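In listed order, ligands and their atoms are each counted from 1. Only a predicted model underlies this, so the values are computations on that prediction, with no experimental measurement involved.
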Amino acid sequence: MKETVMIAGLGLIGGSLAMSIRSRGHFHVLGMDAQDETCRLALEKGAVDEICDDFISGVQKADILIIATPIPMTLGYMAQLNEVHLEKKLLVTDVSSVKGKVMNQAEKITNPAVTFIGGHPMAGSHKQGIQAAKGHLFENAIYVLTPASTADEQDVARIKEVLSPAKARFLVFTTEEHDEMTAVISHFPHLIASSLVHQARNWQKTHPFLEDLAAGGFRDITRIASSNPVLWRDIFLQNKTVLISMLDDWLTEMEQVRTLLANSDGAATENYLLEAKHYRDGLPARRKGAIPSFYDIYVDIHDQPGALLHVIEHLADKDISIKNIEILEVREGITGVLRISFQSSKEQKESRRILESHNYEVTIEQ
Ligand SMILES: NC(=O)c1ccc[n+]([C@@H]2O[C@H](COP(=O)([O-])OP(=O)(O)OC[C@H]3O[C@@H](n4cnc5c(N)ncnc54)[C@H](O)[C@@H]3O)[C@@H](O)[C@H]2O)c1
């Protein structure tokens with residue numbers, strides 16, 4: 001008989017894990033969600049074999065439990081694990097983007113049948129819910145595991161095996177390592193992106209034309225500010241200690257930058273920008289990370305009727321599927337830029353080759 005994987009919370013992350021695990025066929029996948037409609041869609045999409053009525057009855061049937069709810073609910077479910085009588089061993093993981101409180105709660109689990117290993121699949125989408133779930137969401141993404149003190153190497157190996165259909169790249173970190181690193185490369189940039197949008201919104205009162213200028217670059221660096229505010233509220237609050245300390249450092253740094261400008265210190269200003277450029281240019285090639293990324297190409301087009309359609313036709317002819325398309329700047333009669341996003345680097349490179357063969361100027365940002 002197949003072992004049972006139960007997934008509590010069948011939204012973007014839980015739904016995507018359910019789809020990948022079920023597609024392998026090794027486990028019976030049992031799901032539950034607070035929303036009936038989500039449960040219905042999970043069955044319809046083939047993400048789960050069965051829906052269970054409540055958390056406790058599902059957990060009693062499960063061999064592995066994946067908690068994929070918003071963090072406050074995850075903490076609540078973890079607390080319930082002490083109250084449930086289990087006849088067999090239960091390996092539990094979660095998917096929370098911040099690990100501090102979750103791992104504190106994990107250390108409070110006294111039920112001898114339960115072993116907990118924290119998890120954070122580092123890929124996502126600006127969308128939420130089962131509608132946006134995909135079996136390949138975590139392909140090549142980093143998947144961080146944070147084992148609790150009672151988990152041993154065999155438990156870690158087992159959870160990797162269960163999650164292997166997601167085709168992610170597993171890394172094991174301590175809770176502190178995870179929360180500091182994700183604060184630097186994901187949570188803090190999100191906070192700054194949102195603050196930049198607020199600044200632009202305030203300035204728009206002075207310059208009503210501003211939104212027309214807020215094209216390419218501004219949209220690029222603020223793209224993450226369009227993500228799910230409820231999810232990000234939870235992340236900010238859960239990781240607030242690390243974030244506050246980073247904010248303090250950043251304010252000190254901004255004071256220093258302010259002084260450079262006030263003193264018209266060209267050499268030091270250039271050096272500040274140069275050091276940032278060197279570090280940024282030396283980062284490893286694009287891959288899935290904490291901030292959802294796509295494989296983009298930039299195509300110069302002319303503001304002529306049908307220009308957009310021709311580009312799309314060339315790609316469609318070769319069965320290349322486009323993830324997103326955006327016109328960055330088109331002013332009348334002037335060359336504009338089209339940003340086309342793909343799911344993989346292969347499609348990105350192939351699209352460049354196709355469009356260049358039709359004499360388009362194509363750039364890939366490094
Ligand atoms: N979205 C991302 O980019 C991302 C990436 C990695 C990790 N995460 C983590 O994944 C978790 C879920 O986020 P998501 O993006 O899938 O959100 P989501 O809104 O798409 O899904 C959450 C699901 O949980 C369900 N739910 C809420 N309360 C519940 C309860 N008490 N019992 C059962 N189900 C309940 C909701 O109905 C919904 O279907 C969060 O903890 C988040 O930190 C999110």
Using distance alone, determine whether [X] and ligand 1 share an N or O pair under 3.5 Å.
X	result
Ile235	no
Ser97	yes
His120	no
Ala8	no
Ile13	yes

Check for me whether Ala123 has a heavy atom closer than 4.0 Å to any atom of ligand 1. yes
Ligand 1 to Gly129, heavy atom cutoff 4.0 Å, flagged ligand atoms 18 (P), 20 (O)
Any Lys/Arg nitrogen of [X] or [Y] sitting under 4.0 Å from an Asp/Glu carboxylate oxygen of the other?
X	Y	answer
Glu3	Lys88	no
Glu44	Arg40	yes
Glu255	Arg258	no

Between Asn239 (side chain only) and Val242 (backbone N and O only), is there a donor and an acceptor less than 3.5 Å apart? no
Is the contact between Ala132 and ligand 1 made by the side chain, the backbone, both, or neither, using heavy atoms and a 4.0 Å cut-off? neither
Can you tell which of Val98, Leu137, Thr69, Leu17 gets a heavy atom nearest to atom 40 (C) of ligand 1? Thr69
Which one of Gly15, Ala42, Ala68, Gly11 has a non-hydrogen atom at the shortest distance from atom 12 (C) of ligand 1? Ala68
